[in-house]
Peer 1: 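Below is one structure. I have some questions about it.
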Protein chains: 2
Amino acid sequence: MARTTGSHSQKTGPRVTQSAQRLFAQYGYAAVSMRQIAAEVGVQVGALYNYTPDKQSLLFTLMQEHMSGLLAAWKIHQGPENSTALRGLLAFVDCHLRYHLPRSEAVFIAYMELRNLTAENFDHIEKMRKSYEDALEAIIKKGMATGEFKVADSKIVTLAIIGMLKEVSTWYRPDGRLTEAALIERYQTMACQLVGAGAEP
Amino acid sequence: MARTTGSHSQKTGPRVTQSAQRLFAQYGYAAVSMRQIAAEVGVQVGALYNYTPDKQSLLFTLMQEHMSGLLAAWKIHQGPENSTALRGLLAFVDCHLRYHLPRSEAVFIAYMELRNLTAENFDHIEKMRKSYEDALEAIIKKGMATGEFKVADSKIVTLAIIGMLKEVSTWYRPDGRLTEAALIERYQTMACQLVGAGAEP
DNA sequence: GTCTATAAGTTGATAGAC
DNA sequence: GTCTATCAACTTATAGAC
């Protein structure tokens with residue numbers, strides 16, 4: 001299994017992705033050069049093109065995998081179809097925060113770099129974002145139908161909850177005042193207040 | 001009052017600012033070149049430097065004026081010191097949305113371009129942002145003290161309300177389904193729900 | 001105040017040696 | 001798989017003519 005001198009293909013690939021993620025999150029896609037990424041990985045710039053066809057693909061892959069992971073997490077986490085809307089809402093808040101809080105770099109990129117995607121890459125990501133939003137709105141509408149929730153406008157409340165949850169990623173630190181569990185509980189309470197649901201079960 | 005050929009100083013200055021604002025909002029600070037701004041203004045690149053010492057100042061001025069305007073708007077809008085916390089909260093939501101909704105470009109820049117500020121420029125803007133956040137938290141704490149609000153954690157609720165309000169700027173369009181007044185009312189209601197206040201007065 | 005020309009450096013991406 | 005060398009195009013900012 002002798003390899004060519006200097007071959008590290010089992011390691012360099014992931015390192016390229018990780019370095020791109022870190023640098024894009026810190027400085028922004030447009031402000032980061034391929035040479036900076038190469039330096040972070042520890043190779044020369046030409047070597048990067050063994051792992052990505054171009055800079056744009058690096059960004060798209062990061063965002064696409066982040067959103068796929070989020071939708072997959074929700075699919076697993078949402079539980080049975082016949083549960084109550086209240087349980088669905090609590091699960092959504094729980095799932096959202098558990099997925100986002102340990103992924104601050106990917107979250108930052110996902111929200112900040114949409115405009116640096118090419119048109120077709122943007123459409124792809126936007127569809128995924130929309131389907132996530134729709135998952136929450138479906139819960140709200142269900143709760144309105146069953147009478148569990150008292151909501152004037154499902155669209156506005158959906159966006160308000162999403163906004164409230166997104167904001168957490170801008171300040172949360174793992175070593176902060178609140179544990180993750182305590183934080184989730186507070187946001188579950190606030191989500192319930194926004195939909196006019198009594199308390200937690 | 002004869003002017004030098006090609007002199008348009010009374011017009012070019014504002015146009016530089018406006019063009020920078022539009023382009024930074026659309027493509028991001030790092031992705032926009034001074035040549036692009038010049039082209040949008042309708043001058044050659046050298047002429048821009050009659051109006052700004054450098055590109056960074058263009059960004060800083062835009063953000064600084066946006067935040068100054070916001071704080072000034074709140075100073076006017078907040079009303080008498082001895083009013084109720086509930087009135088204060090309603091005024092805050094009203095003021096926030098009325099200021100932000102017609103300024104989508106400046107809002108976008110203010111939230112997206114913080115990391116492209118130099119360290120000292122960032123500190124300056126961050127202080128202003130913090131004082132705005134503090135204004136809301138003061139209202140929440142007052143309501144907790146008077147018993148108007150039932151809130152477990154003033155910091156978290158402050159951030160949740162800010163997050164909910166910020167999110168509006170990502171989708172609001174003046175020609176949308178809801179009038180500005182109707183929108184404000186819905187967000188006032190949701191803010192009241194988050195602080196555990198009864199209804200609007 | 002605006003222009004053109006220029007400085008000095010960076011960019012994304014490719015070709016070919018090893 | 002990685003390197004070096006290279007490309008053409010682009011970057012911010014300045015100098016000096018008009």
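Below, chains carry the letters A, B, ... as their sequence lines are ordered, and counting in each starts from 1. In this text the structure is predicted, and so the values were computed from the model without any measurement. For the numbers below, each heavy atom of this structure counts, side chains included, while hydrogens, waters and symmetry mates do not.
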Peer 1: Can you tell whether the side chains of B:K55 and B:E113 come within less than 4.0 Å, N to carboxylate O?
Peer 2: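 Judged by the 4.0 Å cut-off on N to carboxylate O distance, B:K55 and B:E113 do not form a salt bridge.
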
Peer 1: How would you list, by chain and number, every residue that makes a salt bridge (charged side-chain N to carboxylate O under 4.0 Å, His left out) with A:E40, sequence neighbours excluded?
Peer 2: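 For A:E40, the residues satisfying salt bridge (charged side-chain N to carboxylate O under 4.0 Å, His left out) (neighbours in sequence not counted) are A:R22.
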
Peer 1: Would you list the pairs meeting salt bridge (charged side-chain N to carboxylate O under 4.0 Å, His left out) in which at least one residue belongs to residues 61-79 of chain B, sequence neighbours left out?
Peer 2: none

Peer 1: So, A:D134 and A:K141, do they make that salt bridge, N to O below 4.0 Å?
Peer 2: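 Looking at A:K141 together with A:D134, the answer is no, because their closest N to O distance does not fall below 4.0 Å.
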
Peer 1: Let me know the distance between CZ of A:R15 and P of D:dG1, rounded to the nearest Å.
Peer 2: 15 Å

Peer 1: Just jot down the side chain to side chain donor-acceptor pair (under 3.5 Å) partners of B:H124, sequence neighbours excluded, or say none.
Peer 2: none

Peer 1: With A:R129, which residues qualify under salt bridge (charged side-chain N to carboxylate O under 4.0 Å, His left out), at least two apart?
Peer 2: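 Only A:E126, A:E133 meet the salt bridge (charged side-chain N to carboxylate O under 4.0 Å, His left out) criterion with A:R129.
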
Peer 1: What nitrogen or oxygen pairs link the protein and nucleotides 12-14 of chain C at under 3.5 Å?
Peer 2:
from, atom 1, to, atom 2, distance (Å)
C:dG12, OP1, A:V32, O, 3.4
C:dG12, OP1, A:K55, NZ, 3.1
C:dG12, OP2, A:M34, N, 2.8
C:dG12, N7, A:R35, NH1, 3.0
C:dG12, O6, A:R35, NH2, 3.2
C:dA13, OP2, A:Y49, OH, 3.2
C:dA13, OP2, A:K55, N, 3.0
C:dA13, N6, A:R35, NH2, 3.3

Peer 1: Nearest-Å distance, CD1 (B:I37) to P (D:dT11)?
Peer 2: 11 Å

Peer 1: Between atom CD in B:Q36 and atom P in D:dA9, what is the gap in whole Å?
Peer 2: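 Checked: the CD to P distance equals 17 Å.
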
Peer 1: With under 30° as parallel and over 60° as perpendicular, where do the rings of A:H100 and A:H66 fit, or are they tilted in between?
Peer 2: perpendicular

Peer 1: By a strict heavy-atom criterion of less than 4.0 Å, which residues belonging to residues 16-25 of chain B are in contact with DNA chain C?
Peer 2: none

Peer 1: Specify the separation, in whole Å, of atom OH of A:Y51 and atom C1' of D:dT2.
Peer 2: 8 Å

Peer 1: Given C:dT4, C:dT2, D:dT4, which nucleotide is nearest the side-chain atoms of B:Q44?
Peer 2: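 Given the options C:dT4, C:dT2, D:dT4, the side chain of B:Q44 is closest to C:dT4.
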
Peer 1: Judged by modelled atom types alone, do B:E148 and B:T146 share a side-chain donor-acceptor pair under 3.5 Å?
Peer 2: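 Result is yes, a qualifying pair exists.
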
Peer 1: For D:dT2, does either OP1 or OP2 sit under 4.0 Å from a side-chain N or O belonging to A:T12?
Peer 2: yes

